[in-house]
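Working notes for the structure below.
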Amino acid sequence: MTEDLEELYRTTYSAVVRFLYRKVWDADRAQDLAQEVFVRAMAHQPEKPRAWVFAVAANLARDEARAAVRRKRHLTLLTSDPIMVPTREPQPDEAVEHDEKMEKVYRALSHLTPRDREALLLWDAGLSYPEIAQQTGLAVGAVGTTLARARRRLVEAHDREESKKNAAHS
Amino acid sequence: MPHIPEEELHAYLDQALSRSQCVEIERHLADCADCRATRDGIAALRDRTTALLAVLAPPLTLPPAWGTLGGLHRAADSRRQLLIRRAIVAASLIGAVALGWSARVWQDTRNELSRRPATAEIPSTGGEAAPTSSVGGAGTPTLAQSPQVLVRQAPDTTGPSDAAEAEETDPPEAIAVYPPGKRGVFPGPYRSAPAEMAEATTDTITAEAIDTAPAFPAPTMVQRRIDTRPEPDGLWRLVDVASAEEESGVPLPVVAGLPVMQVKIQGVSPNERIVAVDQQLATGEVIRTIGGPAGPVSDLLRRQGGAVASAFSSETMVQFRQGDRMIAITGRLPTDSLRALLVRLPIPSVPERVVPHPTQAVPQISPSP
């Protein structure tokens with residue numbers, strides 16, 4: 001079991017960090033939480049470690065966001081599920097452009113419902129349909145429909161943001 | 001030929017379908033250009049989604065070594081075990097304290113029950129309850145209305161039924177005080193054992209002694225088994241000192257210099273109140289001072305003394321009557337101690353010195369100028 005966990009750690013650590021980063025918007029904090037997830041997995045020794053790891057990661061991210069609400073730091077409550085907003089810091093030009101891209105994608109992501117957003121992020125982290133279903137509470141057969149809707153809305157929302165920006169600059 | 005639903009193509013491209021489903025879809029795609037176009041569009045949508053989400057990615061970092069995580073896990077585990085151990089110790093301490101407290105309560109209850117005798121009634125004399133230290137009657141102070149020393153009527157074989165006659169013919173005698181702890185020889189019914197009462201005296205207060213007595217009306221002292229908590233009879237209200245004084249209209253019988261634990265007041269008539277004040281000595285002993293109209297206080301003490309034989313066999317009581325008011329002070333103390341405390345009571349109109357009246361055997365204590 002420990003070997004499985006070690007193998008899982010090697011193959012999914014980055015995905016877990018990426019998954020957490022899109023929730024807490026803090027690279028260092030995302031790494032801390034990712035390590036916490038795997039330490040807990042060592043203690044818990046789950047039967048289905050991959051799905052368990054992402055479920056715990058989602059819970060930790062949710063707790064982190066709630067703690068940030070209490071600390072009143074960089075939080076915008078979009079729905080009942082709080083989402084952290086990326087902090088803006090003075091950066092060189094290239095970094096500014098990257099930040100703008102991030103903000104557009106973030107805004108597009110905010111147009112999704114919490115469930116659609118969660119399913120999309122879990123898919124991007126590499127989870128299977130049954131794992132996504134288990135974590136989101138969806139039926140396995142409904143995961144495809146949810147992802148189809150989430151992808152479409154994300155791209156449409158991002159294209160709208162791009163159009164607004166182009167219209168503003170023109 | 002029905003087309004493949006979009007969500008099924010999404011699942012196909014996500015490799016979420018079974019082998020048989022995939023085979024069926026591929027067979028259809030080979031023959032359906034529309035579905036192939038839809039498939040290509042969904043594939044592009046997937047790629048764009050992946051690219052957009054990739055923008056929201058943290059800087060690449062190497063994951064810490066697996067062994068490092070093992071160390072973190074062991075540290076977390078030991079912290080958890082330490083918390084569990086501390087919780088067990090705390091729970092054990094609480095349990096031990098609770099057990100000790102329960103045992104003590106049980107023991108105290110048991111002791112109190114074992115000390116109480118079966119009988120509680122002290123037979124009354126002449127239809128009245130066991131008397132207090134009073135003259136002339138079994139329970140009623142009947143000397144002159146001026147402040148006076150209360151002395152207990154000397155019991156006689158005829159009994160105190162004819163109280164008025166006895167008062168007229170026999171002068172009041174000294175009261176015998178029984179030493180503490182002398183069980184069974186307490187002066188409950190005054191009819192009994194007059195000889196004992198005359199002999200077993202450790203502190204006799206006579207009328208002559210009043211001349212040289214300290215400047216307060218020397219009280220009579222009675223050792224009896226009484227309950228220092230006169231709460232049962234009547235309705236008592238817990239009040240503060242100021243309210244009690246205001247309501248009773250007289251200074252409270254509070255021994256100066258001792259902390260007041262509680263003050264209770266009972267209305268005996270629209271204008272009259274009995275006040276009971278509990279105070280604590282430095283030794284921890286509690287004394288109770290009861291003051292109020294002589295009649296009701298006397299009745300109260302009589303009921304308390306006659307109703308229940310207290311668990312405290314070494315209770316003593318000192319009573320003092322002044323005009324129509326009576327004050328009693330009780331406690332598990334030597335009589336001298338109670339006397340000393342009595343001096344510190346704010347007895348109204350207490351003369352600074354005792355002035356023997358030339359025409360009376362029992363000196364009249366006149367108010368101070």
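Source: prediction; values computed, not measured. Within every chain, numbering begins at 1; the chains are lettered A, B, ... in the order of the sequence lines, protein sequences first and strands thereafter.
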From CD (B:E6) to CZ (A:R149), nearest 0.5 Å: 12.5 Å
Compare every heavy atom of B:R48 with every heavy atom of A:V155, then report the nearest pair and how far apart it is. CG1-NH1, 3.3 Å
Flag if over 12 foreign heavy atoms under 6.0 Å of CD, B:E7: yes
For A:V105 and B:L52 the tightest heavy-atom approach is CG1-O, 3.5 Å
Report the option among A:E36, A:R151, A:R40 that has the most heavy-atom pairs separated by less than 4.5 Å from atoms of chain B. A:R151
A:S128 versus chain B, heavy atoms under 4.5 Å apart: side chain, backbone, both or neither? neither
Minimum heavy-atom separation for A:W123 to B:T49, with atom names? CZ3-CG2, 4.1 Å
Name the region of A:L20, side chain, backbone, both or neither, that has any atom closer than 4.5 Å to a heavy atom of chain B. neither
Atom CD of A:Q135: over 12 foreign heavy atoms under 6.0 Å: yes
Under 4.5 Å, counting heavy-atom pairs only, tell me which of B:L9, B:I42, B:T50, B:L45 racks up the most with chain A. B:L45
Can you confirm whether B:Q107 is buried at CD, in the sense that more than 12 heavy atoms of other residues, nucleotides or ligands lie under 6.0 Å from that atom? yes
Passes side chain to side chain contact (heavy atoms under 4.5 Å, CB included), A:Y106 versus B:V55? Steps please. CA-CA 9 Å; A:Y106 168 78; B:V55 173; over 6 Å; no
Output the distance between atom NZ (A:K104) and atom CG (B:L56), rounded to the nearest 0.5 Å. 12.5 Å
B:R80 portion near chain A, given a 4.5 angstrom heavy-atom threshold: side chain
Among A:A148, A:P130, A:G144, who wins on heavy-atom pairs under 4.5 Å with chain B? A:A148
For the CG atom of B:D14 and the CD1 atom of A:I132, what is their distance to the nearest 0.5 Å? 7.5 Å
Is the number of heavy atoms from other residues, nucleotides or ligands under 6.0 Å of B:E26 CD greater than 12? yes
If one checks every heavy atom of A:A43 against chain B at 4.5 Å, the contacting part turns out to be both
Using heavy-atom distances under 4.5 Å, tell me whether A:R152 contacts chain B through its side chain, its backbone, both, or neither. both
Counting heavy-atom pairs closer than 4.5 Å to chain B, which one of A:D159, A:V140, A:T146, A:D28 comes out on top? A:D159
